[in-house]
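Reviewing the structure listed below.
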2 protein chains.
Amino acid sequence: MAVTPTRASDRDAGAPFAERLDLERMLACALEIVDRDGVEKLSMRRLARALGHDPMSLYRHAPNKAALLDGVADTLLRRLSVDPGDPDWAGQLRAFARSYRQLALDHPNAVPLLVTRPLATPLALRPAGTLRPLEDVLALLTGAGFTGAAALHAYRSLTGLLHGHVLNELQELVDNPDETDDLLRLGLYRLPLREFPLLRGLAAELASYDGAAELERGLDILLSGLTPGGP
Amino acid sequence: MAVTPTRASDRDAGAPFAERLDLERMLACALEIVDRDGVEKLSMRRLARALGHDPMSLYRHAPNKAALLDGVADTLLRRLSVDPGDPDWAGQLRAFARSYRQLALDHPNAVPLLVTRPLATPLALRPAGTLRPLEDVLALLTGAGFTGAAALHAYRSLTGLLHGHVLNELQELVDNPDETDDLLRLGLYRLPLREFPLLRGLAAELASYDGAAELERGLDILLSGLTPGGP
DNA sequence: GACTGTAGGCATACGACGTAGACCCGTTGG
DNA sequence: CCAACGGGTCTACGTCGTATGCCTACAGTC
């Protein structure tokens with residue numbers, strides 16, 4: 001009886017076994033790494049190790065690391081959905097916004113990708129999932145009587161609000177949640193009292209930030225200001 | 001006659017001569033690199049080379065690369081000024097916002113630092129220049145009768161608006177400004193027409209984005225909604 | 001069956017990276 | 001004169017992204 005190696009059984013017993021590789025599994029695993037350790041800890045080599053493969057294998061499925069980062073952002077954004085047929089366009093936008101916020105809270109380490117990848121990748125080269133919400137919102141709003149320009153303006157206003165809000169809210173996430181005293185928990189005692197008297201006095205307000213309510217207020221203002229006619 | 005090397009004359013003639021090193025010069029040079037080649041091209045080694053020094057010299061003035069990145073963001077933000085004594089608080093905030101936008105336009109490659117470093121560095125550990133505008137805005141608004149909480153809320157709303165706006169506007173910066181046809185210039189022809197019909201049809205609107213006007217509109221809405229009493 | 005193309009995986013290698021540790025020198029204060 | 005010290009440098013380690021090239025297993029054709 002000869003050897004006839006049964007694929008992926010004897011090879012590399014140490015690694016968490018290496019099934020067939022595909023982009024989807026790569027991105028899912030990459031997202032796990034980002035969630036656990038942050039974007040800067042995601043490397044091609046670590047990802048390959050986590051998948052039980054050789055680093056170079058990854059390049060059969062993604063052209064380079066930048067594409068991988070775009071892909072991770074894409075896997076998150078494609079989870080957002082908009083129903084372009086709903087006549088309650090404001091309700092759809094509101095639901096979209098809430099989902100986006102929740103996504104950011106569930107994957108705070110991935111937020112830098114969500115907000116900065118678009119700066120690195122021109123619109124037309126972004127992965128399809130990233131563009132889907134845009135197209136769907138355009139369909140939703142033009143269907144509700146918005147002109148194209150007004151719909152685009154509304155989308156931009158919405159993403160602006162969302163990016164701004166999420167960046168705000170994630171800064172409030174506290175380094176040391178065990179500490180009960182706000183001043184200590186935020187490390188504010190390090191600030192020179194002479195230079196930052198007001199800031200130090202606002203420890204309580206800094207600590208009690210209601211992100212959900214804040215977003216709703218922003219949405220109230222934004223949505224009431226949007227009209228089918230345009231800006 | 002012996003050697004008695006005159007410091008920084010014979011050493012390493014290739015490098016652009018190495019004066020005494022200090023944090024300020026380091027940060028200025030780092031910002032140049034970022035402006036020219038982008039954040040990801042800024043490395044300790046390149047920075048040292050540009051300054052005509054050994055890479056390890058940098059560590060005498062900054063504890064690590066993260067601090068350097070914070071420092072670069074800091075050199076930008078400390079250029080913003082707010083006059084806490086001005087009774088026209090809305091005017092001050094408006095001017096602050098315009099300066100921030102201009103800063104972003106002048107240093108687009110540094111914008112990822114401006115928006116994401118705060119996520120990596122807890123508030124109290126940020127460089128002093130970064131906190132200065134916050135303290136000054138608090139002074140401005142409490143001086144105008146705002147409660148502390150209302151002033152903080154206003155500041156957060158403002159930075160949210162600014163971050164969101166700047167991220168929006170910088171995405172519009174076009175890859176190939178030579179191309180006259182909007183569809184070509186934005187690369188939109190790559191998009192599958194079947195999946196993104198609306199998006200492709202909005203090339204003209206995508207290309208003609210007036211960032212300054214957009215920001216002013218946002219400010220009009222925000223500032224008219226702010227009241228000394230709070231949210 | 002044999003032949004050929006191709007897709008996916010792996011080994012090796014190169015140059016760049018961040019930074020720890022040790023050494024070295026010039027200045028300063030006792 | 002000596003000790004301490006601030007600042008510059010050298011060497012070295014482990015990690016990174018990825019170019020190149022080979023090897024194997026399967027798909028399709030005859």
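In what follows, every chain begins at residue 1, and chains take the letters A, B, ... in the order their sequences are listed. All figures in this text were calculated on a predicted structure; none of them were measured in a lab. Computation of the quantities below employed the complete heavy-atom set of this structure, encompassing side-chain atoms and omitting hydrogens, waters and symmetry-equivalent molecules.
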Let me check something: any side-chain donor-acceptor pairs from residues 100-110 of chain B under 3.5 Å, sequence neighbours excluded? List them with distances.
residue, atom, partner, partner atom, Å
B:Y100, OH, B:H163, NE2, 3.4
B:R101, NE, B:E169, OE1, 2.9
B:R101, NE, B:E169, OE2, 3.4
B:R101, NH2, B:E169, OE2, 2.8
B:Q102, NE2, B:D106, OD1, 3.1
B:H107, ND1, B:D35, OD1, 3.0
B:H107, ND1, B:D35, OD2, 2.8
B:H107, NE2, B:R79, NH1, 3.4
B:N109, ND2, B:V34, O, 3.1
B:N109, ND2, B:D35, O, 3.0

Nearest-angstrom distance from the residue atom [atom1] of [X] to [atom2] of [N]:
X: B:M26; N: D:dG7; atom1: CE; atom2: C1'; value: 13 Å
X: A:M44; N: D:dA19; atom1: CE; atom2: P; value: 10 Å
X: B:H53; N: D:dC10; atom1: NE2; atom2: P; value: 12 Å
X: B:K65; N: C:dC17; atom1: NZ; atom2: P; value: 9 Å
X: B:L58; N: D:dG7; atom1: CG; atom2: P; value: 14 Å
X: A:L51; N: C:dG8; atom1: CG; atom2: P; value: 15 Å
X: A:R20; N: C:dA7; atom1: CZ; atom2: C1'; value: 8 Å
X: B:L68; N: C:dT19; atom1: CG; atom2: P; value: 10 Å

Please determine if a side-chain N or O atom of [X] lies less than 4.0 Å away from the OP1 or OP2 oxygen of [N].
X: B:S43; N: C:dC17; result: yes
X: B:H61; N: D:dG7; result: no
X: B:R46; N: C:dG15; result: no
X: B:S57; N: D:dG7; result: no

For this session: Measure across B:A48 and B:P55 and return the closest heavy-atom pair with its distance rounded to 0.1 Å.
Result: CB-CA, 3.4 Å
Seminar exercise, completed: The complete set of salt bridge (charged side-chain N to carboxylate O under 4.0 Å, His left out) pairs with one or both residues in residues 117-131 of chain B, sequence neighbours excluded, reads B:D70-B:R117
Ignoring the backbone of [X], work out which of [options] is nearest its side chain.
X: B:R49; options: C:dC17, D:dT9, D:dG17; value: C:dC17
X: B:R45; options: D:dT18, C:dC17, D:dC16; value: C:dC17
X: A:Y59; options: D:dG17, D:dT9, C:dT19; value: D:dG17
X: B:D54; options: D:dT9, C:dC10, C:dG18; value: D:dT9

Distances under 3.5 Å between nitrogen or oxygen atoms of protein and nucleotides 21-23 of chain C:
none

Exercise. A:R190: what forms a side-chain hydrogen bond (donor to acceptor under 3.5 Å, both in side chains) with it, not counting sequence neighbours?
Worked result: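 Partners of A:R190 under the side-chain hydrogen bond (donor to acceptor under 3.5 Å, both in side chains) test: none.
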For this session: Sequence neighbours left out, what passes side-chain hydrogen bond (donor to acceptor under 3.5 Å, both in side chains) with A:T159? Give chain and number order.
Result: B:N168
Exercise. Would you say the side-chain atoms of A:E135 pair up with the backbone N or O of B:L198, donor to acceptor, closer than 3.5 Å?
Worked result: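 A pair under 3.5 Å: yes.
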For this session: Assign each of A:L21 and B:P63 to its nearest nucleotide of DNA chain C by heavy atoms, then name whichever residue's nucleotide is nearer the 5' end.
Result: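 The residue closer to the strand's 5' end, by nearest nucleotide, is A:L21.
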Problem set entry | Residues in salt bridge (Lys or Arg N to Asp or Glu O under 4.0 Å) contact with A:E214, at least two apart in sequence or another chain | none
